[in-house]
Amino acid sequence: MTYSVPQHRNLLTALPGPRSLALHKRRTESVSAGAGTLAAIYMDHGSGAILVDVDGNQLIDLGSGIGVTSFGHALPEVTAAAAAQAAKLTHTLFTVTPYENYVRVAEKLNAITPGDFEKRTILVNTGAEAVENAVKIARKFTGRRAIVVLDHAFHGRTNLTMAMTYRPWPERAGMGPFPGEIYSAPVSFPYRDGLSGAEAAERTIDYIVTHIGASEVAAFVVEPIQGDGGINIPAPGYFQRLSEFCTENGIVFVADEIQAGLGRSGAWFSIEHHGVVPDLVTTAKALAGGLPLAAVTGRAEIMNSVQPGGIGGTFGGNPVSTAAALAVFDLIERDDLIQRARQVEQMLWDRIGHWPSRYNVVGEVRGQGAMFGVELVVPGSVTPNPTALRAIIDHASSNGVIVLDAGSWDSVLRLLPSVVISAELIDDAATVIEESLAALSTVVTE
Ligand SMILES: *Cc1c(COP(=O)(O)O)cnc(C)c1O
């Protein structure tokens, strides 16, 4: 692959640089404080795994805008497809007068999502909108109201999806009331609960049976790998048992693949690692290479249970976003980018897998594909260490490495690099993060 920006870190100014600082002042005076800022470094362009800021600094991107630019920044093939479509037609509204791109994206999602049965798809704009539609469709199909989600889940920031999101702060605090009939059940969290998949599944099922009643539940909505919750990968067997429970009780199993899906985990969909076939799948983030597009895909009888006009929206499945998505699918297959995600996983294990034994501020390193979490703890304990996370993020971003936070206790360093990142860039970024880890760890003398 060739890139328009050399794939290495290069700093010309202190970070944030003077132009970023000036923009940040304007932003503070013009943009709602409710839109937070992880690192006040303003970007100008990007290529592959490198972002270039307005001062000309080249930064290593280990966040991909929270798992959106999974296949690299400003992909020439995707840009060209979107530009060509924008010059032809930008909007008709699919439910007024349709167009082929929408149908082609639906065909593709129906083909790649797990399950050897008839499927249908609806396209919308954002992840939260996809989750909302999955809930509406499951309720319509089952005639039931209760929705079960899992502790530490993140499903979005609209009013319904805030109610489905675990953390009160900052996602929900002060912004209720929230819709009822949303229940958060205990999840399998191997690092924190030490339960086997079967044991954790029984705990979840017991919660559903004793708090809600299985026959009341329309849908069980889960992230097969919890992203914002701290890259929590439930124990083997957990989702299998819950999928059986859903089937036995007529509950729609919804895999929220918005962050972990579309290749990032080293499979098309992260639920595949658990050997489960969901009834519905939601996708968004990586779907259109950075343009807004999201989808609900699943069993035809469920998706078709909604009356015409019952789901949709003005911009959903926009011609330009769908053109970009088709180019993304071509690229994934042409360059075998799912295999690349598995290679990035190996590179990350090789480079950072030993952190818990070297740095006692690290409790665990976990991950799958190009999706890793580093659990930060108070040395010598399993107590979450948000102060350490803040220090690492500040050190990394002021040294040209963009990383993400995660976890209900704000104590998980989240790495979501694009799958095209090189071993050299991972090594360089890890060296920067290690400077922080060494400073935060206590030296243990025997
Ligand atoms: C990001 C995310 C969402 C919400 O997507 P938006 O496009 O921000 O609305 C929902 N579910 C998961 C798992 C996500 O990671």
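Ligands are counted one by one from 1 in listed order, and the atoms in each one are counted from 1 as well. Excluded from the calculations below are hydrogen atoms, water molecules and symmetry mates; all remaining heavy atoms, backbone and side chain alike, are included.
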Test log, rule side-chain hydrogen bond (donor to acceptor under 3.5 Å, both in side chains), inputs H152 and N232: CA-CA 9 Å; H152 310 294; N232 174 38; over 6 Å; no

Residues in side-chain contact (heavy atoms from CB on, under 4.5 Å) contact with D394, at least two apart in sequence or another chain: R390

Aromatic ring pairing F189/W409, orientation class (parallel under 30°, perpendicular over 60°, tilted between): tilted

NZ/NE/NH1/NH2 to OD/OE distance under 4.0 Å, E345 and R342: no

Working for salt bridge (Lys or Arg N to Asp or Glu O under 4.0 Å), residues R139 and E181: CA-CA 11 Å; R139 282 178 168 160; E181 295 291 341; over 6 Å; no

Given L326, D330, I332, L331, the one that forms side-chain contact (heavy atoms from CB on, under 4.5 Å) with V328: I332

Residue contacts for ligand 1, heavy atom to ligand atom, distance under 4.0 Å: T126, G127, A128, F154, H155, G156, E223, D256, I258, Q259, K285

